[in-house]
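Worksheet: one structure, shown below.
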Protein chains: 2
Amino acid sequence: MVNKTELDGFLNFLQKIQSLSPEAIDSIVGLCSLISIRKNQNLQEIGQKCRTIYFVKEGLARIYYLKDGNEVTEYFAFENDLIIRAESLFTGKPSKKAIQALENTVFIGIPSEALFELFDTKPEIERLFRKIIEQAYVATVLRMEAIQFHAAEERYALLFSEKPNLIQQIPLKHIASYLGITQVSLSRIRASIR
Amino acid sequence: MVNKTELDGFLNFLQKIQSLSPEAIDSIVGLCSLISIRKNQNLQEIGQKCRTIYFVKEGLARIYYLKDGNEVTEYFAFENDLIIRAESLFTGKPSKKAIQALENTVFIGIPSEALFELFDTKPEIERLFRKIIEQAYVATVLRMEAIQFHAAEERYALLFSEKPNLIQQIPLKHIASYLGITQVSLSRIRASIR
DNA sequence: CTTATCCTTTTACAAATGTTAAATAATCAA
DNA sequence: TTGATTATTTAACATTTGTAAAAGGATAAG
């Protein structure tokens with residue numbers, strides 16, 4: 001059983017999206033567990049079915065997959081971000097993606113099946129989750145626009161303005177694949193900006 | 001009031017996602033209206049707030065927006081597809097995108113505010129909608145992968161294998177912008193395949 | 001049928017990005 | 001600290017994609 005104060009940041013995150021009754025909070029708290037992963041270790045491996053919803057309590061993580069033997073970073077999760085492999089969680093298929101800690105990281109994990117069962121008795125939790133998905137969906141649509149219609153240099157500038165710390169914290173090769181370009185190309189862009 | 005038999009295709013579409021009670025169906029039916037739009041006319045203009053969820057009953061439509069004065073196609077909706085401008089519907093901001101009929105098209109429209117009010121009394125409708133968003137989210141994540149990590153030629157081949165009719169029905173310039181390339185580039189790809 | 005318009009392809013050239021390999025720079029572990 | 005490993009940049013060249021303009025086709029209206 002996790003100490004409730006350990007979950008403060010997570011519960012605040014949820015309450016900002018949808019206010020919850022004490023009973024709803026308790027039933028969510030009852031499902032939470034803490035998982036610590038050391039830097040560069042995987043929380044979840046490629047090929048596993050995704051049955052857990054994660055939240056980054058402390059640290060930094062990414063979702064990546066392999067394309068022609070190369071790692072491709074799909075998503076960075078910072079402190080107080082959710083990290084969900086939607087293509088597996090919502091389809092039941094094994095995920096082609098892994099979750100890796102980029103620093104020593106503490107995750108909060110919620111088993112999805114148990115969470116989804118709460119939907120039947122507590123509509124406010126289903127509503128919370130619906131809103132979470134809506135937000136994630138909108139973010140993905142906007143990211144798709146950025147990838148499709150901004151040149152690589154614009155995308156780098158945009159990422160840099162949104163997350164200036166990223167460049168210090170994360171190997172550039174991960175950022176390159178996140179931007180959909182090679183590391184060589186990213187180096188050129190960085191050189192041309194200076 | 002729309003004749004219920006007019007909505008058969010739509011109601012089937014919904015029931016496949018989440019089975020609904022007769023009362024839930026009736027309350028959805030009560031919100032539906034039919035809108036006919038002639039080929040090349042817009043159902044919704046750029047700059048309008050999106051307050052309606054649409055379904056293509058007959059015909060063909062797209063979502064597009066302007067990038068540096070050029071039209072960029074974000075999404076094609078075929079018969080029995082939903083067409084939703086999520087970035088506006090879920091944020092309340094004016095949409096940067098328009099919905100255009102590519103053939104003479106009949107849409108079913110549902111005002112989103114009235115639909116969302118049904119969520120309070122009919123959790124099964126909220127559940128239906130949650131699942132719809134989940135599916136749309138997964139589709140968008142997969143499309144993002146395709147755009148980011150497949151070369152243009154692969155993306156064309158993939159689209160062609162999924163939607164062989166598209167190439168006959170839709171001007172190639174729309175397909176080019178949907179694939180994130182210029183029309184000249186698409187012509188080259190088509191020539192190299194032959 | 002003829003003209004006008006729009007769609008698609010082609011050409012020539014420019015710019016961006018990828019590939020491979022080598023050279024530096026930074027980091028980690030013994 | 002030293003050596004080994006990893007990360008980043010640079011260089012040279014190939015490939016892809018973009019841009020602008022022209023040409024050829026298809027389509028629709030008069």
Side-chain angles (χ1 to χ4, degrees), chain A residues 38-42 60 62 64 66-73 76 100-104 144-160 163-194, chain B residues 38-42 60 62 64 66-73 76 100-104 145-160 164-194:
Chain A
R38 298 199 72 75
K39 181 173 179 174
N40 294 331
Q41 297 302 109
N42 282 356
L60 179 59
R62 66 169 180 145
Y64 74 91
L66 295 175
K67 158 85 176 169
D68 301 333
N70 298 311
E71 289 183 5
V72 171
T73 298
F76 293 115
Q100 182 186 42
L102 294 172
E103 303 290 346
N104 293 340
M144 196 175 71
E145 282 174 42
I147 287 176
Q148 190 162 14
F149 304 110
H150 295 345
E153 184 170 331
E154 295 175 82
R155 304 204 297 272
Y156 178 75
L158 189 68
L159 181 64
F160 190 79
K163 310 265 185 186
N165 302 329
L166 199 70
I167 281 81
Q168 275 93 50
Q169 288 180 77
I170 296 180
L172 288 173
K173 63 180 174 183
H174 296 342
I175 293 172
S177 74
Y178 179 78
L179 292 173
I181 56 179
T182 62
Q183 190 175 349
V184 173
S185 195
L186 178 57
S187 261
R188 275 192 287 243
I189 287 168
R190 285 161 58 85
S192 77
I193 285 172
R194 266 183 273 127
Chain B
R38 299 199 73 75
K39 180 173 179 174
N40 294 329
Q41 298 302 110
N42 282 355
L60 179 58
R62 65 168 181 145
Y64 74 92
L66 295 175
K67 158 86 176 169
D68 302 332
N70 298 311
E71 289 183 4
V72 170
T73 298
F76 293 114
Q100 181 187 44
L102 294 172
E103 302 290 345
N104 294 340
E145 282 175 42
I147 287 176
Q148 189 162 15
F149 304 110
H150 294 347
E153 185 170 332
E154 293 176 83
R155 303 205 298 271
Y156 178 75
L158 189 67
L159 181 65
F160 190 79
N165 302 329
L166 200 70
I167 282 83
Q168 275 94 50
Q169 287 181 76
I170 295 179
L172 288 173
K173 62 180 176 183
H174 296 341
I175 293 172
S177 74
Y178 179 79
L179 293 172
I181 56 179
T182 61
Q183 189 174 352
V184 173
S185 195
L186 179 57
S187 260
R188 275 192 287 243
I189 287 168
R190 286 162 57 86
S192 76
I193 286 173
R194 265 183 272 125

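Just so we're on the same page: letters track the sequence lines, and every chain starts at 1.
Of the two residues near DNA chain C, A:I189 and B:H174, the one whose nearest nucleotide lies more 5' is B:H174. Of the residues near DNA chain C, B:L186 and A:A152, the one whose nearest nucleotide (by heavy atom distance) lies more toward the 5' end is B:L186. When each of B:Q183 and B:K39 is assigned the nucleotide of DNA chain D with its nearest heavy atom, B:Q183 is the one assigned upstream, toward the 5' end.
Not one side-chain nitrogen or oxygen of A:R188 sits closer than 4.0 Å to the OP1 or OP2 atom of D:dT9. Within the structure, every side-chain polar atom (N or O) of B:R190 is placed at least 4.0 Å from both OP1 and OP2 of C:dT8. Between A:S185 and C:dG18, a side-chain N or O to OP1/OP2 separation shorter than 4.0 Å is present. Here A:S187 does not reach the OP1 or OP2 of D:dT8: none of its side-chain N or O atoms lies under 4.0 Å away.
In this structure, A:E103 atom CD and C:dT27 atom P are separated by 13 Å, rounded to whole Å. In this structure, CG of A:L172 is placed 4 Å from P of D:dT8, rounded to the nearest angstrom. Distance, B:K67 NZ to D:dT19 P: 11 Å, rounded to whole Å. Between the CG atom of A:N40 and the C1' atom of C:dC28 there is a distance of 12 Å, rounded to whole Å. Atom pair B:Y156:OH and D:dT16:P shows a separation of 18 Å (rounding to whole Å applied). In this structure, A:E71 places its CD atom 13 Å from C1' of D:dT6, rounding to the nearest Å. Rounded to a whole Å, the NE2 atom of A:H150 is 17 Å from the P atom of C:dA16. When rounded to the nearest whole Å, the span between NZ of B:K173 and C1' of D:dT19 equals 18 Å.
Considering only heavy atoms from C-beta on, A:R155 stays 4.5 Å or farther from A:L159 through its side chain. Annotation: side chain of B:H174 is in contact with side chain of B:F76 (closest heavy-atom distance under 4.5 Å). In this structure, the side chains of A:L102 and A:K39 stay at 4.5 Å or more apart for every pair of heavy atoms. You'll find the side chain of B:R62 stays beyond 4.5 Å of the side chain of B:I170, heavy atoms only. B:I193 is listed as a side-chain neighbour of B:Y156, based on a closest heavy-atom distance under 4.5 Å.
Residue-level contact check: B:E153 touches neither bases nor backbone, having no heavy atom under 4.0 Å from any strand.
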